[in-house]
Asker: 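Supplied in structure tokens, the structure appears directly below.
Protein chains get the first letters and strands the later ones, always in sequence-line order, with residue 1 at the start of each. Everything numeric in this text was worked out from a predicted model, so none of it was measured.
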2 protein chains.
Amino acid sequence: MDTEGLSKGEQTRREIIAAAHTLFVKQGYHGTSMREIAKTAGLALGGIYNHFATKEDIFRAVFVEYHPINYIFPALAQAHGESTEALLRDIARHIIAGLKEDPDFINLLSIDIVEFQGSNASSVLRTRLPALEGVYRQIVSASSNDLRPIPPLIFLRSFFGLFISYFMTGYILNLAPELPDEINQNAFDYFIEIFLHGVLSDTGTHRGGKNL
Amino acid sequence: MDTEGLSKGEQTRREIIAAAHTLFVKQGYHGTSMREIAKTAGLALGGIYNHFATKEDIFRAVFVEYHPINYIFPALAQAHGESTEALLRDIARHIIAGLKEDPDFINLLSIDIVEFQGSNASSVLRTRLPALEGVYRQIVSASSNDLRPIPPLIFLRSFFGLFISYFMTGYILNLAPELPDEINQNAFDYFIEIFLHGVLSDTGTHRGGKNL
DNA sequence: CCTACCGATCGGTAGG
DNA sequence: CCTACCGATCGGTAGG
């Protein structure tokens with residue numbers, strides 16, 4: 001985490017967030033004590049309360065700081081492609097790359113559901129959905145509109161659900177190493193291929209994706 | 001829960017499981033005390049330990065007892081359809097009906113990930129995957145094989161991922177009631193439509209699904 | 001199946 | 001009056 005040019009207080013705050021993230025992901029929310037967070041961050045228990053009023057506040061900060069949306073938006077900005085298909089493929093590739101680098105968000109999301117009934121996920125969604133809708137409009141207008149008629153919000157829900165599906169099933173499957181490797185081999189390539197074939201109209205001559 | 005013809009001990013055991021399920025789903029794992037479970041099940045704290053050695057044992061029993069696979073298999077058995085498409089559509093309809101009746105499994109799955117690193121989900125998968133592969137073979141052989149060439153395990157992963165995607169996104173979206181209703185309107189119809197269009201080859205004349 | 005109780009640890013706060 | 005933090009301890013609760 002970049003700590004240059006930050007006040008001492010802000011530095012400590014970031015160390016608390018980083019420590020809490022590591023521990024929450026590994027041990028869960030109630031499985032992580034304020035004492036552990038303090039120790040890992042390099043200060044005494046009481047010191048935490050100069051930066052966060054409650055443990056819940058810490059989780060909120062961790063959830064927002066490590067939310068995939070932070071790298072999804074930059075990824076969307078630099079994605080490009082001539083056809084709708086190529087664009088979606090490139091966006092997916094960027095998002096997958098980001099998620100593979102930080103696959104622990106599944107744990108944070110699970111904590112949010114178990115302990116906070118998903119209120120943090122919902123809050124982030126509320127904040128960012130308008131921008132995501134903008135991205136959708138960009139996608140359909142950037143190329144000849146060869147998407148099947150799917151309501152924009154359903155399209156977005158389905159597209160992001162694809163990543164949830166891939167990472168949730170992958171998380172569980174990776175715990176069963178005796179399973180045939182077939183289940184992981186190029187799995188996301190197939191996932192995105194199924195999705196693209198599912199949302200693109202099959203009338204055009206634009207299909208540039210590799211065949212299955 | 002059906003308690004006829006059960007021994008007193010087995011009855012109590014089931015009451016503990018039912019009480020624990022209700023509380024775990026509402027309050028999480030560490031948020032639920034053994035005392036609460038005991039009280040809800042109608043016995044004293046110490047009494048629980050005549051039926052379960054640890055709190056983890058109770059969670060394992062709850063997870064297995066309320067796992068969707070319990071109604072997915074019967075649903076698969078009674079599903080029917082002339083084409084691959086019709087069959088998949090009918091299976092999905094049955095599974096969705098079951099999940100809508102008991103949407104709280106998301107919470108159990110989240111607890112499993114947070115507290116047990118997904119080991120219970122993985123264990124159920126290990127036990128049931130062979131039977132699911134059998135179902136897949138049944139699907140491809142029951143009708144003219146009009147599926148695109150997707151490895152069987154990837155197909156299964158993608159198919160069940162569809163339900164995870166739908167219910168996870170739905171869980172979070174339903175917390176934001178101010179969002180346009182478009183995002184929920186017939187959402188699963190679109191989800192299954194995208195999936196089917198994605199996995200079925202588009203060469204045949206078999207497509208009987210409604211157009212989007 | 002209960003009453004009574006354990007070693008330990010919880011999130012949060014006190015004065016300085 | 002600010003910040004960052006200490007050693008010690010608060011009232012309650014955890015699984016067993």
Side-chain angles (χ1 to χ4, degrees), chain A residues 1 3-63 108 111-112 114-117 119-120, chain B residues 1 3 6-63 108 111-112 114-117 119-120:
Chain A
M1 202 169 285
T3 55
E4 282 177 62
L6 295 177
S7 67
K8 187 75 170 51
E10 186 59 23
Q11 259 189 53
T12 304
R13 188 189 147 89
R14 286 176 177 268
E15 273 156 19
I16 292 169
I17 292 176
H21 172 251
T22 308
L23 293 165
F24 284 156
V25 159
K26 267 196 283 199
Q27 312 176 349
Y29 180 75
H30 276 103
T32 299
S33 67
M34 292 294 270
R35 282 160 182 81
E36 284 178 289
I37 296 173
K39 194 178 172 187
T40 306
L43 45 78
L45 169 65
I48 287 187
Y49 293 93
N50 291 307
H51 301 273
F52 296 95
T54 65
K55 198 181 177 184
E56 290 192 23
D57 280 350
I58 299 180
F59 182 75
R60 262 189 287 274
V62 168
F63 190 86
L108 294 184
I111 289 174
D112 186 43
V114 172
E115 310 290 348
F116 308 102
Q117 291 81 46
S119 61
N120 291 293
Chain B
M1 205 171 285
T3 56
L6 296 177
S7 66
K8 186 76 168 49
E10 185 59 23
Q11 260 189 52
T12 305
R13 188 189 147 88
R14 286 178 176 269
E15 273 157 18
I16 292 169
I17 292 175
H21 173 250
T22 308
L23 293 165
F24 284 157
V25 159
K26 266 195 284 199
Q27 311 175 352
Y29 180 75
H30 276 102
T32 298
S33 68
M34 292 293 269
R35 283 165 179 79
E36 282 179 289
I37 296 173
K39 194 177 174 188
T40 307
L43 43 76
L45 169 64
I48 287 187
Y49 291 93
N50 293 307
H51 301 273
F52 297 95
T54 64
K55 198 181 178 184
E56 290 193 24
D57 281 351
I58 299 181
F59 181 75
R60 263 188 287 274
V62 168
F63 191 86
L108 294 185
I111 290 174
D112 187 41
V114 173
E115 310 289 348
F116 307 103
Q117 290 80 48
S119 61
N120 291 292

Asker: In whole Å, what is the span from the NE2 atom of A/H30 to the P atom of D/dG15?
Answerer: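 Atom-to-atom, A/H30 to D/dG15, this comes out as 10 Å.
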
Asker: Ignoring backbone atoms, test whether B/T54 places a side-chain nitrogen or oxygen under 4.0 Å from the OP1 or OP2 oxygen of D/dG16.
Answerer: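 Checking B/T54 against D/dG16: no side-chain N or O falls below 4.0 Å of OP1 or OP2.
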
Asker: For the pair made of CD1 in A/I58 and C1' in C/dG11, what is the distance, rounded to whole Å?
Answerer: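 Going from CD1 in A/I58 over to C1' in C/dG11 covers 10 Å.
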
Asker: Ignoring the backbone of B/Y49, work out which of D/dG15, C/dG11, D/dC6 is nearest its side chain.
Answerer: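 Within the option list, the nearest is D/dG15.
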
Asker: Would B/I58 and B/I48 count as a side chain to side chain contact (heavy atoms under 4.5 Å, CB included) here? Give the steps.
Answerer: CA-CA 10 Å; B/I58 299 181; B/I48 287 187; 3.8 Å; yes

Asker: Between A/G47 and A/R35, which has a closest nucleotide on DNA chain D that is more 5'?
Answerer: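 The residue closer to the strand's 5' end, by nearest nucleotide, is A/G47.
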
Asker: With heavy-atom distances below 4.5 Å as the criterion, would you say the side chains of B/H21 and B/L108 are in contact?
Answerer: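 Contact flag for B/H21/B/L108 side chains = yes.
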
Asker: Round to a whole Å and report the spacing from CG of A/L43 to P of D/dT3.
Answerer: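 Rounding to the nearest Å, CG of A/L43 and P of D/dT3 are 16 Å apart.
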
Asker: Rounding to an integer number of Å, can you tell me how far A/L45 CG sits from C/dC10 P?
Answerer: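 Checked: the CG to P distance equals 10 Å.
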
Asker: Determine whether A/T22 and A/T40 make a side-chain contact, defined as any pair of heavy atoms from C-beta on separated by less than 4.5 Å.
Answerer: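 A side-chain contact under 4.5 Å is absent here.
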
Asker: Using whole Å, report how far CD of B/Q27 lies from P of D/dT13.
Answerer: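 About 13 Å, once rounded to whole Å.
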
Asker: What's the closest nucleotide to the A/K55 side chain, out of D/dA4, C/dG12, C/dT3?
Answerer: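 Given the options D/dA4, C/dG12, C/dT3, the side chain of A/K55 is closest to C/dG12.
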
Asker: Rounded to whole angstrom, note down the C1' distance from C/dG12 over to D/dA8.
Answerer: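 Those two atoms are separated by 13 Å.
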
Asker: Rounded to the Å, how far apart are A/K39 NZ and D/dC5 P?
Answerer: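 About 18 Å, once rounded to whole Å.
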
Asker: Select one nucleotide: of C/dG11, D/dC6, C/dC2, the one nearest the side-chain heavy atoms of A/S33.
Answerer: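 Nearest to the side-chain atoms of A/S33, counting from C-beta on, is C/dG11.
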
Asker: Kindly say if A/H51 contacts the phosphate of D/dC5, meaning a side-chain N or O under 4.0 Å from OP1 or OP2.
Answerer: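 Checking A/H51 against D/dC5: at least one side-chain N or O falls below 4.0 Å of OP1 or OP2.
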
Asker: To the nearest angstrom, how far is A/F59 atom CZ from C/dG11 atom P?
Answerer: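 For the pair A/F59 CZ and C/dG11 P, the rounded distance is 14 Å.
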
Asker: Do the two ring centres, one from A/F116 and one from A/F63, sit under 6.0 Å apart?
Answerer: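 No, they do not, as the ring centres are separated by 6.0 Å or more.
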
Asker: Could you report the tightest heavy-atom contact between B/T54 and B/M34, atom names first, then the distance?
Answerer: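 Smallest interatomic distance, heavy atoms only, reads C-CE, 4.5 Å.
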
Asker: Rounded to the nearest Å, what distance is computed from the CE atom of residue A/M34 to the P atom of nucleotide C/dC10?
Answerer: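 Nearest whole value for this atom pair: 12 Å.
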
